[in-house]
Amino acid sequence: MTVRVRFAPSPTGYLHIGSARTALFNYLYARHTGGKFLLRIEDTDLARSTDESTRSILDGLKWLGFAPDEEIVFQSNNADKHREAARRLLAEGKAYRDFTPKAEPSDANVKDVIKERARQQGAEKNFRDNPYRELSSEESDVRAAAGEPFAIRLKVPDVRTGSDSDRVLKTSFEDGVYGLQERDYAETEDLVLLRSDGHPLYNLAVVCDDIEMQITDVIRGQDHLTNTHKQLLIYKALGVEPPRFAHLPLIMAPNKGKLSKRKHGEVVSMTTYRDAGFVAAAFRNFLALLGWSAGEEKEIYSLDELIKKFTLEGIHRSNAVFNFHEGDPKRWTDDKAIWMNAEYIRTMPLSDLLPLVKNELKANKLWREEYEPDGRALMTSISSTSAQAFESSTEISDRPESIAIDRPRHGSHDWFVQTIDLIRARFFTLKDFSTQGRAYFSEDYDFDPAAVAKNLTKFPDLQEWLPELAARFEAELGDSEAETRPVGSVFFSRETPEAASEQTPALPLTDACCSDRFFESNIETVVKAFTEEKGTKLGVIMNGARTLLTGVAVGPSMLSVFETVGLERTLMRLRSKVAWYS
RNA sequence: GUCCGGUUCGUCUAGGGGUUAGGACACCGCCCUUUCACGGCGGCAACACGGGUUCAAAUCCCGUACCGGAUACCA
């Protein structure tokens, strides 16, 4: 029989990190076994379920790439079938009407109330002492017909009186993760199947739907371990063979307490990671390693590798801590998740990264159609050394010295690809491309005060030197043939970003305006000579220029930055006084 | 209270009778370097406790402690 698994979230909030992992494991199991991955929205709690939550969950799943193989099932649509099942069990004497008036909800914390009540009962409890349990069906019918409200409870075999012929005194099943699980009937209450208002309850709904959907394997959080025993009783009453079960360890907060939406907020929501510039593949990878391992030292797994290696045996029995740092903006989520994301950004194939960067730039109005001419897909036309490293673990060789003929035209597709490959090495999230990397794509970038203080203000001479360096570049590396274009023309004027993106100006720089000689080795010669002449250190000039050219103190080799930014923009930025007064 | 689980560096984990208890993240140091990263090298750091079984226990058994889950006319 082909495997059929389901992910069944209740739409009472966004997609929680723990739920996301449950979805992942279900998905991996389905793919690994060649089965189907289904999605069921458990919206039977009308009071708490919202469409917005459903949307948010769907968004999160979509981002992670877990598309269900069949149409999404909404549990609330099946309420009639659930009621039908309950009535059948009632008719067969496997359930009974409970006329006990519904308890008024207390204003205290529900969990606490329940815990307290359970404590009171202690070991003395007897789940079979409901006065309506043995009520004759005639009397039950009469009272029901009279309009007296009732809930329908499952009649769990009473092993104490021995009135039931059942020889089995406990429910048991072989859990895919936790092994043999047993529970005495005496430990299980006569659970309510149907509320007095006719509303089907969770355990009944789940069993009915799982049967209906022909689920073969239920993979869910460990918090459902005791529900499984209840559900087993329902399966039995319904006369249906139950599926296999596997329960997952829970994901805990740093204090090993419960990871809750209410208490920990955004950090547990999947959409937060999407919006924070996480690469879905990276987060998936991180999630997979939280409570599962293939028993090897490898840590970076592609989806295909995860699918191939995933087994229930690799799942742990102990809970894992999601180790984020509350109140620390730099380490707002688990360090390893951040590292994993950075690792993906700098090593994943460029062809996979480029579309993600495109989205990021687009969202910030930094995208230009020239980066993707003729509607052709963002393909890597240059080989990325690091992308190769992603496939094999061969050593990353140094970028070969630039050769004038091979240099892509600034603003072109090739330039874009090469630039992304250059700057991604020190980025952590996709957001960095539009923030730290902004100066590569726009004239409208800010100057980091710390960078200005450290690299500019500290060396007042630079205010003279840097424009002087610009002149030197122009004289020695500029294209004497080309017409001198006014600095800051068209594309490069410091206009508002809106203006720049709305009118999509023509290609910023033509071949004619790109110096054939403004490349790394030449730049180095000029800068070195200039530095010597001024009797200062190379770092002073380089870091000053870096601050002016990129607005930040962090970046790739300055020689690459010069070349990437291009002669015209370099000249303009070196001459600009904006940074000095920012 | 009762039932059910769990416990290896700060965190994620490998290891399931004989290991200098391995890796990753984080942290620290060194190298590389015009900056910051990346990378390389190195360091810090763990078998919850107590009994057994055994020539030998992180590993098997029992107990204790601690942590977690469940115990609803919630899901």
Side-chain angles (χ1 to χ4, degrees), chain A residues 8-12 42-45 47-49 75 98 100-103 105 110-111 113-125 149-153 178 181-184 186-189 191-197 199 201-203 205-206 221-227 229 247 249-250 252 254 256-258 286 289-300 316-323 325 331 334-340 342 346 386 395-396 425-428 451 454-455 527 531 537-547 552-559:
Chain A
S10 57
T12 55
E42 309 219 312
D43 54 351
T44 55
D45 186 345
R48 289 197 296 154
S49 300
Q75 190 159 66
D98 180 359
T100 311
K102 188 183 179 210
V110 200
K111 275 266 195 245
V113 172
I114 286 152
K115 200 170 174 180
E116 192 44 43
R117 190 201 307 160
R119 193 196 309 284
Q120 306 273 327
Q121 290 176 346
E124 312 292 285
K125 65 169 186 262
F150 60 87
I152 295 182
R153 285 185 184 272
Y178 289 92
Q181 297 293 308
E182 297 183 310
R183 186 175 170 93
D184 289 345
E187 296 293 336
T188 303
E189 61 178 331
L191 60 144
V192 172
L193 303 175
L194 222 55
R195 268 182 358 197
S196 50
D197 63 3
H199 211 84
L201 245 28
Y202 176 75
N203 282 304
V206 166
Q222 189 239 74
D223 49 338
H224 285 293
L225 223 30
T226 50
N227 276 334
H229 291 283
H247 290 86
L250 271 18
M252 316 303 286
K256 298 193 194 294
K258 197 174 176 187
F286 168 76
L289 264 19
L290 217 49
W292 172 84
S293 104
E296 56 188 3
E297 290 185 350
K298 186 176 161 72
E299 303 224 83
I300 304 290
H316 307 147
R317 279 153 288 271
S318 55
N319 296 339
V321 169
F322 182 51
N323 198 26
H325 304 80
R331 304 172 72 190
D334 195 293
D335 286 326
K336 199 149 187 172
I338 295 174
W339 167 79
M340 186 79 77
R346 61 184 170 246
S386 40
E395 266 194 29
I396 297 175
R426 60 214 75 207
F427 284 173
F428 287 83
K454 180 183 163 204
N455 297 331
V527 175
T531 304
K537 281 193 283 195
L538 188 62
V540 174
I541 300 294
M542 290 297 203
N543 291 327
R546 178 189 300 287
T547 306
V552 290
V554 183
S557 151
M558 216 24 227
L559 296 173

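From a predicted model like this one, the values you see are computed outputs, not experimental measurements. Each chain gets a letter, A, B and so on, in the order the sequences are listed, and its residues count up from 1.
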Can you tell me which nucleotide in [options] comes closest to the side chain of [X]?
X: A:K336; options: B:rA75, B:rA26, B:rC12; answer: B:rC12
X: A:L201; options: B:rC73, B:rC36, B:rC12; answer: B:rC73
X: A:V192; options: B:rU7, B:rU2, B:rC73; answer: B:rC73
X: A:R346; options: B:rC38, B:rG6, B:rA37; answer: B:rC38
X: A:W339; options: B:rU11, B:rC74, B:rA26; answer: B:rA26
X: A:Q181; options: B:rC74, B:rU35, B:rC4; answer: B:rC4
X: A:A118; options: B:rG1, B:rU35, B:rA26; answer: B:rG1
X: A:A151; options: B:rC73, B:rC36, B:rG23; answer: B:rC73

[X] and [Y]: which non-hydrogen atoms are nearest, and at how many Å?
X: A:T44; Y: A:A205; result: CG2-CB, 4.4 Å
X: A:G291; Y: A:A320; result: N-CB, 4.5 Å
X: A:K537; Y: A:T531; result: C-CG2, 3.5 Å
X: A:H224; Y: A:Y202; result: CE1-OH, 2.9 Å

At a cut-off of 3.5 Å, list every protein nitrogen or oxygen paired with a nitrogen or oxygen from nucleotides 67-70 of chain B, distance to 0.1 Å.
from	atom 1	to	atom 2	distance (Å)
B:rG68	O2'	A:N319	ND2	3.0
B:rA70	O2'	A:T226	OG1	2.4

Partners of [X] by side-chain hydrogen bond (donor to acceptor under 3.5 Å, both in side chains), sequence neighbours excluded?
X: A:R546; result: none
X: A:K298; result: A:E305
X: A:D43; result: A:S76
X: A:R331; result: A:H325, A:D335

Students often get this wrong, so: under 4.0 angstrom with heavy atoms, is [X] touching a base, only sugar-phosphate, or nothing?
X: A:T188; result: nothing
X: A:G291; result: sugar-phosphate
X: A:S196; result: base
X: A:V321; result: sugar-phosphate
X: A:Y178; result: sugar-phosphate
X: A:P11; result: nothing
X: A:I152; result: nothing
X: A:P9; result: nothing
X: A:R317; result: sugar-phosphate
X: A:K454; result: sugar-phosphate

Side-chain-base donor-acceptor pair under 3.5 Å for A:S557 and B:rU34
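Yes.
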
hbond_proxy A:R48 side chain to B:rC74 base (donor-acceptor, 3.5 Å cutoff):
yes

In whole angstrom, give me the gap between the [atom1] atoms of [N] and [M].
N: B:rC3; M: B:rG15; atom1: P; result: 32 Å
N: B:rC47; M: B:rU53; atom1: P; result: 24 Å
N: B:rU7; M: B:rC61; atom1: P; result: 12 Å
N: B:rC30; M: B:rA37; atom1: P; result: 13 Å

Find every protein N or O atom lying less than 3.5 Å from an N or O atom of nucleotides 14-16 of chain B, and list the pairs.
from	atom 1	to	atom 2	distance (Å)
B:rA14	OP1	A:S293	OG	3.2
B:rA14	OP1	A:H316	NE2	3.0

Assign each of A:N543 and A:R153 to its nearest nucleotide of RNA chain B by heavy atoms, then name whichever residue's nucleotide is nearer the 5' end.
A:N543

Which sits closer to the 5' end of RNA chain B, A:D334 or A:E182, going by the nucleotide each is nearest to?
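Residue closer to the 5' terminus by nearest nucleotide: A:E182.
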
Check this one for me: any side-chain N or O of [X] less than 4.0 Å away from OP1 or OP2 of [N]?
X: A:R119; N: B:rU2; answer: no
X: A:R195; N: B:rA72; answer: no
X: A:T44; N: B:rA75; answer: yes

Whole angstrom is fine here: how far is it from [atom1] in [X] over to [atom2] in [N]?
X: A:D184; N: B:rU71; atom1: CG; atom2: P; answer: 18 Å
X: A:N323; N: B:rC12; atom1: CG; atom2: C1'; answer: 9 Å
X: A:D43; N: B:rA75; atom1: CG; atom2: P; answer: 11 Å
X: A:E189; N: B:rC3; atom1: CD; atom2: P; answer: 17 Å
X: A:I114; N: B:rA72; atom1: CD1; atom2: P; answer: 6 Å
X: A:R331; N: B:rC25; atom1: CZ; atom2: C1'; answer: 10 Å
X: A:E187; N: B:rG5; atom1: CD; atom2: P; answer: 12 Å
X: A:M558; N: B:rU34; atom1: CE; atom2: P; answer: 14 Å

Pair A:K336 + A:D334, salt bridge at N-O below 4.0 Å
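Answer for the salt bridge query: no.
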
Under 3.5 Å, is there a donor on one side chain and an acceptor on the other for A:T188 and A:R183?
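Side-chain D/A pair, A:T188 to A:R183: present.
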
Please evaluate residues A:D98 and A:V192 with respect to the criterion side chain to side chain contact (heavy atoms under 4.5 Å, CB included), reporting the C-alpha separation (whole Å), side-chain torsions for both, the decisive distance (0.1 Å), and the verdict.
CA-CA 9 Å; A:D98 180 359; A:V192 172; 5.8 Å; no

What is the pairing partner of B:rU71, taking Watson-Crick or G-U wobble pairs with both distances under 3.5 Å in any strand?
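Base partner found: B:rG1.
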
Would you check if A:E42 and A:S49 make a side-chain contact, meaning some heavy-atom pair closer than 4.5 Å?
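No, every pair of side-chain atoms sits at 4.5 Å or beyond.
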
